[in-house]
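Side chains are part of it too, since the values below use all heavy atoms of this structure and drop only hydrogens, waters and symmetry mates. What you are looking at is a predicted structure, and each value in this text was computed from that prediction instead of being measured.
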Amino acid sequence: MTTTNDTKRFSLPDALANAFRRTTRAKARTERLTLDAASAASAADGQGRARPVSKSAVKKAEKKDAKRRESAEATANASARWHHERKWGFASRLGFYDPAAPGVESSTRQMEFSHMAIASPPTSHRGLVFGVDAGSGWMIVHDPFTAYGETIESPNVCYIGDLGQGKSSAMKTWGVLRQLILGRRVVVIDKKFQKDLGAGEYTPLAKSLDVAPVRFRIGGGGSRINILDPRIAARVNEEPGGGDLSTPAGQSMLLRAVMEEALARPMSPKEGKAVRMAHRQALRQAEAAAETAHIGHVLHALYAPDAITAEAVGLTVEELRGWGQDPAFELERMIEDDLAGLIDGPTSQDIALNAGLTVFDVSALPEDGPALPIVMTIINTWLANTLYGQQTPVPTILLIEEAWHTVQGSVATVTRRNTKLSRALSLSCQFAFHHISDIPETSPAISMLKECGTVLLYKQQKSADALACEDMFNLPPGSAGVISQLVKGTCLFKIGSHDPFEAIHVRSPLETELTDTDGAMKSTSTIAFTDDTPATEVVPA
């Protein structure tokens, strides 16, 4: 058995080897007869008579014939890749008896092209299934909690993309349903109103899990949340830029955010001092009356500061009242108008952190005005303080649709502070935006987005929006072109500092049903135009 290029040469089947032998022997006999005839011809005399051949000439011819036969057999064996006297069953199963082309001598550098790239999985096998890699077909498995400390340093997630590209479907499945399977806690701030439901779009999903959404409505009829409730924020002296930054926002920060939203401008130093003193007076008077202070007590303290409060700052009662006049006027207007029935009383009993899913339906609040950002910020702070006080951390996901409401104005400072504590609270804040241009350049939310450990970028039709994504998240050159060409349900998935990859979101039939929000657009009902039917009557399909 011989070896060539460190590869053992095995045998062909016996039948093929015998065929080579028969062919070689027949050829040798033919050549021998030809040799004998030639010898006889050369020995003949002029009369055509043959002269006898000597014994030594015959032996020489036989030796020459044997060498020629061996040479022919060696040539036949060399023409086959594998040759052996008997068949080897194991090699046969491996395909070693199949004919193969002879090798080609080359160098390592020249043969580099033959080692084609092999696609590896874009993620590890630990986490939650999202979908498949559009390039390689590998399954995408990722989760902010299991990946923390390995591939990411921040558990926060942001979804960015045009309307109708699949952001909500990803949040409902990968961010809600699949998280609940692992026994985690999920809190949703539902902003999108569905006409056919008369409520937020998460209502069907909540009902399928026997969860009643907490609804907020201006003017009453919904839930109320008290910014001075100790369950939401017990700390009083928490101001922007001061205090213990290792804790979530306290009552002072929330109250200041509400007042600045009411004024539509930052408070002056005198106004800020008047509001802080009114806050302390409200807490003192409510405790004396065995009540829980709320925003109404603060308003009363602004209009009627007592002597104890005024003396504490070295002012007269009239001076302190004058400092707080403008904040008091705007706060009163907002309580009676923009925030009526939302924050002007004790916290409703239905506002509690459920074991699994909690849905806050804010879809009935107006897009314009301070109500929506204030309520969303209060919910964010309530959750952060609740998690801060828990004895055993439970991984929790906070999903905010239409998150641009929380990153503008004074409420952005509160949201930013709460988000920075996500790791300490075992909280993954997940935000959805349409465009980066929705966020002011001076907003604290810009740095909040840059720190997100996981980014899902959906299609951006405008090239400027796609380029903004490439620049903000430090994507490879040319990523903007990929973002602008993505199809619905596909995103550019970026995990930590790794290069992004194109991901296709995959849903089960149940998830597809629960994430369908196109019921109104797919309606086939028509208006009946008959003599007996009013023109406004709708005929169901």
Side-chain angles (χ1 to χ4, degrees), residues 115-179 182 397 399 428-436 449-508 511-512 515:
H115 296 276
M116 306 300 291
I118 300 176
S120 61
T123 61
S124 71
H125 64 281
R126 299 175 62 246
L128 289 171
V129 174
F130 177 85
V132 296
D133 183 359
S136 64
W138 280 101
M139 183 179 296
I140 298 173
V141 181
H142 178 64
D143 173 61
F145 293 103
T146 55
Y148 175 73
E150 296 182 3
T151 56
I152 60 175
E153 297 300 329
S154 171
N156 298 327
V157 182
C158 69
Y159 306 73
I160 300 177
D162 288 341
L163 185 67
Q165 295 302 313
K167 299 188 302 297
S168 294
S169 295
M171 296 181 79
K172 290 177 183 176
T173 56
W174 185 65
V176 178
L177 291 172
R178 300 176 192 179
Q179 297 285 349
L182 300 181
I397 297 89
L399 284 90
S428 173
C429 296
Q430 303 192 9
F431 307 96
F433 299 92
H434 289 156
H435 312 287
I436 293 179
L449 289 184
K450 290 182 178 180
E451 294 171 0
C452 285
T454 306
V455 180
L456 286 77
L457 301 172
Y458 289 80
K459 182 177 182 179
Q460 302 273 267
Q461 289 187 337
K462 296 182 178 179
S463 58
D465 293 329
L467 287 171
C469 292
E470 180 179 317
D471 180 62
M472 171 169 283
F473 299 109
N474 195 27
L475 303 179
S479 298
V482 177
I483 296 173
S484 62
Q485 298 296 324
L486 292 172
V487 298
K488 183 176 181 179
T490 304
C491 67
L492 204 61
F493 208 110
K494 187 176 188 298
I495 301 174
S497 59
H498 297 276
D499 288 338
F501 53 88
E502 192 172 337
I504 302 174
H505 181 218
V506 178
R507 297 176 293 171
S508 68
E511 289 175 332
T512 302
T515 57

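Side-chain contact between Trp174 and Val157 is present, with heavy atoms from C-beta onward closer than 4.5 Å. Looking at Leu492 and Leu475, their side chains come closer than 4.5 Å, going by heavy atoms from C-beta outward. In this structure, Gln430 and Leu399 have side chains that are in contact, with non-hydrogen atoms separated by less than 4.5 Å. Residues Ser168 and Thr515 form no side-chain contact, since every pair of their non-hydrogen atoms from C-beta on lies 4.5 Å or further apart. Side-chain contact check for Asn156 versus Glu451: every heavy-atom pair is 4.5 Å or farther apart. Using a 4.5 Å heavy-atom cutoff, the side chains of Ile397 and Val176 are not in contact.
Looking at residues two or more places apart in sequence or on another chain, you find no side-chain hydrogen bond (donor to acceptor under 3.5 Å, both in side chains) involving Gln165. Under the rule for a side-chain hydrogen bond (donor to acceptor under 3.5 Å, both in side chains), the partners of Thr454 that lie at least two apart in sequence or sit in another chain are His142. For Tyr458, there are no side-chain hydrogen bond (donor to acceptor under 3.5 Å, both in side chains) partners at least two apart in sequence or on another chain. Scanning for salt bridge (Lys or Arg N to Asp or Glu O under 4.0 Å) contacts around Arg178 gives Glu511, with sequence neighbours left out. For His434, there are no side-chain hydrogen bond (donor to acceptor under 3.5 Å, both in side chains) partners two or more places apart in sequence or in a different chain. Every residue two or more places apart in sequence or in another chain was checked for a side chain to side chain contact (heavy atoms under 4.5 Å, CB included) with Gln485, and none qualifies.
Taking each heavy atom of Gly164 and Lys488 in turn, the nearest pair found is O-CE, 3.2 Å. Of all non-hydrogen atoms in Ala466 and Ala480, the two that sit nearest each other are CB-O, 3.5 Å.
Taking CD1 from Ile495 and OG from Ser124, the interatomic distance works out to 8.0 Å, rounded to the nearest 0.5 Å. Here the OG atom belonging to Ser479 is positioned 12.0 Å from the CZ atom belonging to Phe473, to the nearest 0.5 angstrom. How far CD1 of Ile483 is from OG1 of Thr490: 13.0 Å, rounded to the nearest 0.5 Å. Considering CG of Leu128 and CG of Leu182, their distance stands at 4.5 Å, rounded to 0.5 Å. Expressed to the nearest 0.5 Å, how far OG of Ser484 lies from NZ of Lys459 amounts to 8.0 Å. One distance of note links CD1 of Ile160 with CE of Met472; it measures 7.0 Å at 0.5 Å rounding.
Applying the salt bridge (charged side-chain N to carboxylate O under 4.0 Å, His left out) definition to pairs two or more places apart or across chains, none involves residues 159-168. Residue pairs meeting the salt bridge (charged side-chain N to carboxylate O under 4.0 Å, His left out) criterion with at least one member in residues 134-146, sequence neighbours excluded: Asp143-Arg184. Screening residues 462-471 for side-chain hydrogen bond (donor to acceptor under 3.5 Å, both in side chains), with sequence neighbours left out, gives His435-Asp465. Sorted by first then second residue, the salt bridge (charged side-chain N to carboxylate O under 4.0 Å, His left out) pairs that include residues 129-140, not counting sequence neighbours, number zero. Sorted by first and then second residue, the pairs that involve residues 144-153 and meet salt bridge (charged side-chain N to carboxylate O under 4.0 Å, His left out), not counting sequence neighbours, are Arg126-Glu150.
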Which atom pairs, one a donor and one an acceptor, fall under 3.5 Å between side chains of residues 498-505 and the rest of the protein, sequence neighbours left out?
unit_1: His505; atom_1: NE2; unit_2: Thr173; atom_2: OG1; d: 2.9

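Judged by distance alone, the side chain of Thr123 and the main-chain N or O of Ile140 form no donor-acceptor pair under 3.5 Å.
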